[in-house]
**Student:** 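Before I ask anything, let me first share the structure, which is written out below as structure tokens.
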Number of protein chains: 2
Amino acid sequence: MRPKLTDVAEKAGCSPTTVSRVINNHGYISQKTKDKVFAAMRELNYQPNTLARSLQGKQTKMIGMIVPNITNPFFAELVAGVEQTLADDGYRLLLCDADRDSDKEHRYLQMLEANQVDGIITGSHNLGLEEYQRVGLPIVSFDRDLSDKVPIVTSDNYHGGCLATQALIDAGCQDIYFVGNPSKTGNPTTKRFLGYMDTMASAGLPSHTARSAFYESPLAKSMAMRELLQSDRKLDGVFCSDDLTAILLLKQAQRLGIRVPEDLKVIGFDGTKLVQTYLPELATIVQPIGDLAALLVKLLYERIADPDKHLDKNSYVMPVKLLRNQTI
Amino acid sequence: MRPKLTDVAEKAGCSPTTVSRVINNHGYISQKTKDKVFAAMRELNYQPNTLARSLQGKQTKMIGMIVPNITNPFFAELVAGVEQTLADDGYRLLLCDADRDSDKEHRYLQMLEANQVDGIITGSHNLGLEEYQRVGLPIVSFDRDLSDKVPIVTSDNYHGGCLATQALIDAGCQDIYFVGNPSKTGNPTTKRFLGYMDTMASAGLPSHTARSAFYESPLAKSMAMRELLQSDRKLDGVFCSDDLTAILLLKQAQRLGIRVPEDLKVIGFDGTKLVQTYLPELATIVQPIGDLAALLVKLLYERIADPDKHLDKNSYVMPVKLLRNQTI
DNA sequence: TTGAAAGCGCTAACAT
DNA sequence: ATGTTAGCGCTTTCAA
């Protein structure tokens, strides 16, 4: 049987209260008893039971994080960043892979509530605002506006879209396509798309979108891109809404014998360490994933410390960086 | 304030016990009271407090998973698989990214214990057996022998090594290198290496290893591989201990104008969905990640159900598959 | 500086 | 079929 507080008290020859005080470093205790208690704790290999502790209304030191898909390198790196920050502060991470499934996301939210997590970071957005409001927990959102009560952290997607497009224009492209799915309102891609549109307009260039079926499987995406490249439409530059899509495009171009960057210039978006390392030639817009993670956590801590504090600022937009590379 | 059991009881006009019984569907209760209780629960939007529940010695329905690095697509996919299986059974996943840091892994183990998780899946192996034994929790291990008390799940790394090597031989290679770090005993790479060695010996071919600095950064790896390719050593085939390493090798080969597969054939190991999708030309040995995840969870459930049950089998080796592709 | 007692929200005997 | 009571392991008044 695991030793408990009373066992330590008995061994140290004092009351449970005293042991509790020592553990929490709370109130006045003589150095002598402190030592005795620590000795007893060590001897019994005592570990406080977090459950019992949290039951008193204390924090559980657990944070729930909901992501659409941990298998996507971007979210893997975001989770890694969050996890690392949390671990440093003694928090644990409950990972929820919502898998683009709103039912699952809904169940997760319930679970997290039942589990009494101290707060939630959500990067998945299948659910409406109401669901999140109903949960009376501190929440911080990544990339999506939930309400003015919920801080939102995001990269500067609009500016990223501008940067990417301008980079293609500067490289001499005339017929530039946007590849992605800008239609679903409220998602970050839309902002990237707007940046593209505005930049094209400023340059006096016509904009083109290849949006078909981009929420579909990579295979479907590949097919769509192949068609795009094979069609008789003129195009010499493509801004992909994310790096993975860009990789598929590069692959299709290669198969069709289209030279990059001579015949076609390509730029992506996200700039994960993984892609930067294993596909270093891809030009992209780099999101500051580590900073995003750190900020998400920091804001959540603030919400936890004071859930009702007025937010002087509800939206945090982090700067992105253009990474010039060979595909451009 | 969140409603509690007694609130529901009051509203339903019955005792807390009855409510508890309804929730847990335990013992005999009339349909009438059941209905009343459910109505009250709904009305108050009642959510049982898992903490209080678990304090009675019930399960926490939380599983801890320790991985070396979630940023590695292999582990991302393994975690995704585990998470999915667990979620289906109402379990939550506490993710621990040990980051090749044995101190951190040690702290994690303590945390998981303090958090009273029902069990642990560990895929990270910085820690010795003792640490894991000390924790009195059901444990299942991925890829590493901890003790005969701990079930271990792994892919057939040895056979994978044989398959990969044989594939290179069949493709006509004579001078085949193994690239990876086989020295650290007990890690899966060693088995892959052994498969390579044995297969080479059987074919009467001499074996070569490029093992320098493979626990280092991708950049260091790249440098090492560049040197290997530039040296005057003859080589026409390389078996990389994992896909990511293979990608680096391919990149260096490309830069040096070495044609793959004409001048050099390459095969990797792991076969994540990510790499299969975004680098479909890479030949590799595919680990059945989904099956591995499912088995890990299944075995853990068994351990949880009966921690002391004799293990008629302690080691589970899952079959791997050769994926023939253009790099070979 | 320390201890006794009550209670966090729930469940599990033991009654009835 | 339902209620009473005690207690999970800890913290927190309140008292000494």
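Naming convention: chains lettered A, B, ... in sequence-line order (proteins, then strands); numbering from 1 in each chain. Please read these numbers as outputs of a predicted model, since none were measured by experiment.
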**Student:** Indicate, with a heavy-atom threshold strictly under 4.0 Å, whether A:Ile29 touches base, sugar-phosphate, or nothing.
**Tutor:** sugar-phosphate
**Student:** Among A:Val140, A:Thr122, A:Ile139, A:Ile120, find the one that has a side-chain contact (heavy atoms from CB on, under 4.5 Å) with A:Val150.
**Tutor:** A:Ile139
**Student:** Report yes if a side-chain nitrogen or oxygen of A:Ser20 is closer than 4.0 Å to either non-bridging phosphate oxygen (OP1 or OP2) of D:dC10; otherwise report no.
**Tutor:** no
**Student:** Atom CG of A:Leu5 to atom C1' of C:dA5: distance rounded to whole Å?
**Tutor:** 15 Å
**Student:** With the threshold set at under 4.0 Å for non-hydrogen atoms, list the residues of residues 37-60 of chain B touching DNA chain C in residue-number order.
**Tutor:** B:Tyr46, B:Pro48, B:Asn49, B:Ala52, B:Arg53, B:Gln56, B:Lys58
**Student:** Where the side chain of A:Ser30 is concerned, which of C:dG3, C:dT1, C:dA12 is the nearest nucleotide?
**Tutor:** C:dT1
**Student:** Is there a side-chain hydrogen bond (donor to acceptor under 3.5 Å, both in side chains) between A:Asp88 and A:Gln84 once you walk through the steps?
**Tutor:** CA-CA 6 Å; A:Asp88 290 344; A:Gln84 208 170 311; 5.6 Å; no
**Student:** Please state how far atom CZ in B:Arg21 lies from atom C1' in D:dG3, giving the value in whole angstrom units.
**Tutor:** 8 Å
**Student:** How many Å lie between NZ on B:Lys34 and P on D:dT2, as a whole number?
**Tutor:** 11 Å
**Student:** With the side chain counted from C-beta on, respond yes when B:Leu94 and A:Leu94 share a heavy-atom pair under 4.5 Å apart, and no when they do not.
**Tutor:** yes
**Student:** Does A:Thr6 have a side-chain nitrogen or oxygen under 4.0 Å from the phosphate oxygens OP1 or OP2 of D:dG9?
**Tutor:** no
**Student:** Quick check for you: to the nearest 0.5 Å, what is the distance between A:Asp270 atom CG and A:Phe75 atom CZ?
**Tutor:** 8.5 Å
**Student:** From CD of A:Glu10 over to P of C:dT2, roughly how many Å is that when rounded to an integer?
**Tutor:** 18 Å
**Student:** Quick one: does any side-chain atom of A:Gln47 pair with a main-chain N or O of B:Gln110 as donor and acceptor, under 3.5 Å?
**Tutor:** yes
**Student:** By nearest heavy atom, map B:Asn24 and A:Thr33 onto DNA chain C; which one lands nearer the 5' end?
**Tutor:** A:Thr33
**Student:** Looking at A:Glu77 and A:Lys273, is any side-chain nitrogen of the basic one under 4.0 Å from a carboxylate oxygen of the acidic one?
**Tutor:** no
**Student:** Hey, are A:Thr17 and A:Ser20 close enough side-chain-wise for a donor-acceptor pair under 3.5 Å?
**Tutor:** no
**Student:** From OH of B:Tyr28 over to P of D:dA1, roughly how many Å is that when rounded to an integer?
**Tutor:** 7 Å
**Student:** In whole angstroms, how far is the C1' atom of D:dC10 from the CD atom of B:Gln116?
**Tutor:** 12 Å
**Student:** Between B:Gln31 (CD) and D:dA1 (C1'), how many Å, whole number?
**Tutor:** 13 Å
**Student:** If you look at every strand shown and take non-hydrogen atoms under 4.0 Å, does A:Thr18 touch a base, only sugar-phosphate, or nothing?
**Tutor:** sugar-phosphate
**Student:** Between B:Lys36 (NZ) and D:dA1 (P), how many Å, whole number?
**Tutor:** 15 Å
